[in-house]
Amino acid sequence: MSSSTTSGHWSQALTAAMSDPQQILDSDDQIVIIKDKYPKALYHFLVLPRRKMPNLRNMTKNDLDLLKYMHNKGEAFANRANKELKFRFGYHAIPSMSHLHMHIISQDFNSLCLKTVKHWNSFNTKNFVDSADLIKEIETKGRFEIDQEEISLLLKKDLSCHVCKQSFSTLPKLKDHIVLHDVTRRENK
DNA sequence: GTTCTAGAAC
DNA sequence: GTTCTAGAAC
């Protein structure tokens, strides 16, 4: 069988991971939590609903209960993993992998797997949709809107620090800079 | 999503 | 010469 058949294609890897007991960190009847295979920060996990969910812009109020459940499970999991670091919980507006997944990611971005401009911007522009914002917008407007063209431009735009907004010409320079910030922690004392 | 690597940028 | 990005992957 070819490796490019649908079930074996790279974009289906999350669906495969969900049914691999060795990869499951936590699960219940509604969700599964796994490690991101190429973590972009010290702590980087994914919350996946067991049932198939539409993509962000096809969500309706009927999906709110599960979205809230995923959010709460994600926050609890982050608290268990590390109480010092600041975390964000959210979805990529333009995801590469199939099967809806909520990222749980600490804001240190200290990782050798973070290698490209697109990596950086996918977590630090409007391509990263905070779970709380998604939920709020579906509650108030009944749906979530995405300007795909705007987002794909953002992914290529110049790099800037998520803490102080300083711009950098290359990713290595930005990575050298962000380690200087201690405000990736929850309390900046 | 990643790997590989050509050639642009420095 | 080295660093860095960006496009193909059959």
Side-chain angles (χ1 to χ4, degrees), chain A residues 1-27 31-59 70 74 77-78 81 87-131 134 146-162 165-180:
Chain A
M1 190 185 286
S2 158
S3 63
S4 63
T5 51
T6 305
S7 63
H9 191 261
W10 59 262
S11 66
Q12 307 301 316
L14 295 181
T15 311
M18 286 178 72
S19 51
D20 177 3
Q22 291 202 311
Q23 296 194 50
I24 296 177
L25 301 176
D26 194 8
S27 69
I31 58 101
V32 173
I33 302 180
I34 63 175
K35 253 192 86 165
D36 190 289
K37 191 176 180 184
Y38 298 91
K40 304 302 188 294
L42 292 176
Y43 297 89
H44 187 184
F45 311 106
L46 304 175
V47 182
L48 302 126
R50 286 197 187 274
R51 81 164 159 87
K52 183 168 165 56
M53 292 277 278
N55 61 42
L56 295 196
R57 63 186 188 288
N58 290 328
M59 295 278 182
M70 290 170 67
F77 196 83
F87 279 81
R88 281 181 81 186
F89 309 89
Y91 305 82
H92 285 160
I94 304 178
S96 296
M97 310 285 275
S98 289
H99 201 117
L100 185 78
H101 51 288
M102 185 185 79
H103 293 269
I104 301 171
I105 185 165
S106 58
Q107 295 297 294
D108 49 276
F109 293 107
N110 177 4
S111 167
L112 295 174
C113 296
L114 202 166
K115 295 176 178 177
T116 70
V117 172
K118 185 179 176 183
H119 286 156
W120 180 260
N121 284 332
S122 72
F123 287 99
N124 292 290
T125 67
K126 278 170 65 182
N127 184 60
F128 192 86
V129 178
D130 282 300
S131 169
L134 175 71
I146 289 167
D147 185 337
Q148 297 240 3
E149 199 168 334
E150 181 197 8
I151 300 284
S152 53
L153 288 174
L154 286 177
L155 291 173
K156 295 176 183 173
K157 83 174 177 110
D158 293 341
L159 297 157
S160 77
C161 173
H162 62 317
K165 308 306 176 195
Q166 185 178 341
S167 289
F168 293 88
S169 55
T170 70
L171 187 66
K173 286 176 183 168
L174 171 60
K175 292 191 75 178
D176 286 347
H177 165 84
I178 59 179
V179 298
L180 303 176

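All chains are named by letter (A, B, ...) in the order of the sequence lines, taking the proteins before the strands, and each is independently numbered beginning at 1.
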Practice item. May I ask you to verify if any side-chain N or O of K40(A) is less than 4.0 angstrom from the OP1 or OP2 atom of dT2(B)? Key: yes
Check your understanding: Is any side-chain N or O of H101(A) closer than 4.0 Å to OP1 or OP2 of dG1(B)?
Key -> no
Check your understanding: Heavy-atom distance under 4.5 Å between the side chains of H103(A) and R88(A), does that happen here?
Key -> no
Review point. What do you reckon, is CG of L112(A) surrounded by more than 12 foreign heavy atoms closer than 6.0 Å?
Key: no
Specify the separation, in whole Å, of atom [atom1] of [X] and atom [atom2] of [N].
X	N	atom1	atom2	value
L171(A)	dC4(C)	CG	P	9 Å
N121(A)	dA6(C)	CG	P	11 Å
H119(A)	dT5(C)	NE2	C1'	13 Å
K173(A)	dA9(B)	NZ	P	14 Å
H9(A)	dA9(C)	NE2	P	13 Å
H44(A)	dT2(B)	NE2	P	10 Å
L174(A)	dT3(C)	CG	C1'	16 Å
W10(A)	dA8(C)	CH2	P	15 Å

Can you tell me how the ring of [X] sits relative to the ring of [Y], calling it parallel under 30°, perpendicular over 60° and tilted otherwise?
X	Y	result
F109(A)	F123(A)	tilted
W120(A)	H162(A)	perpendicular
F168(A)	H177(A)	tilted

Check your understanding: According to the Watson-Crick and G-U wobble definition with distances under 3.5 Å, which dot-bracket string, read 5' to 3', encodes DNA chain C, using [ ] for crossing pairs and | for pairs with another strand?
Key -> |||||||||.
Of all the choices, [options], which nucleotide is nearest to the side chain of [X] once you look at every atom?
X	options	answer
K115(A)	dT3(B), dG1(B), dT5(C)	dT3(B)
T170(A)	dG1(B), dT2(B), dC4(C)	dC4(C)
P172(A)	dT2(B), dC4(C), dG1(B)	dC4(C)
K118(A)	dT2(B), dG1(B), dT5(C)	dG1(B)

Exercise for review: With rounding to the nearest 0.5 Å, note down the distance linking NZ in K37(A) to NZ in K35(A).
Suggested key: 12.0 Å
Check your understanding: Can you name the residues that form a side chain to side chain donor-acceptor pair (under 3.5 Å) with N124(A), not counting sequence neighbours?
Key -> none
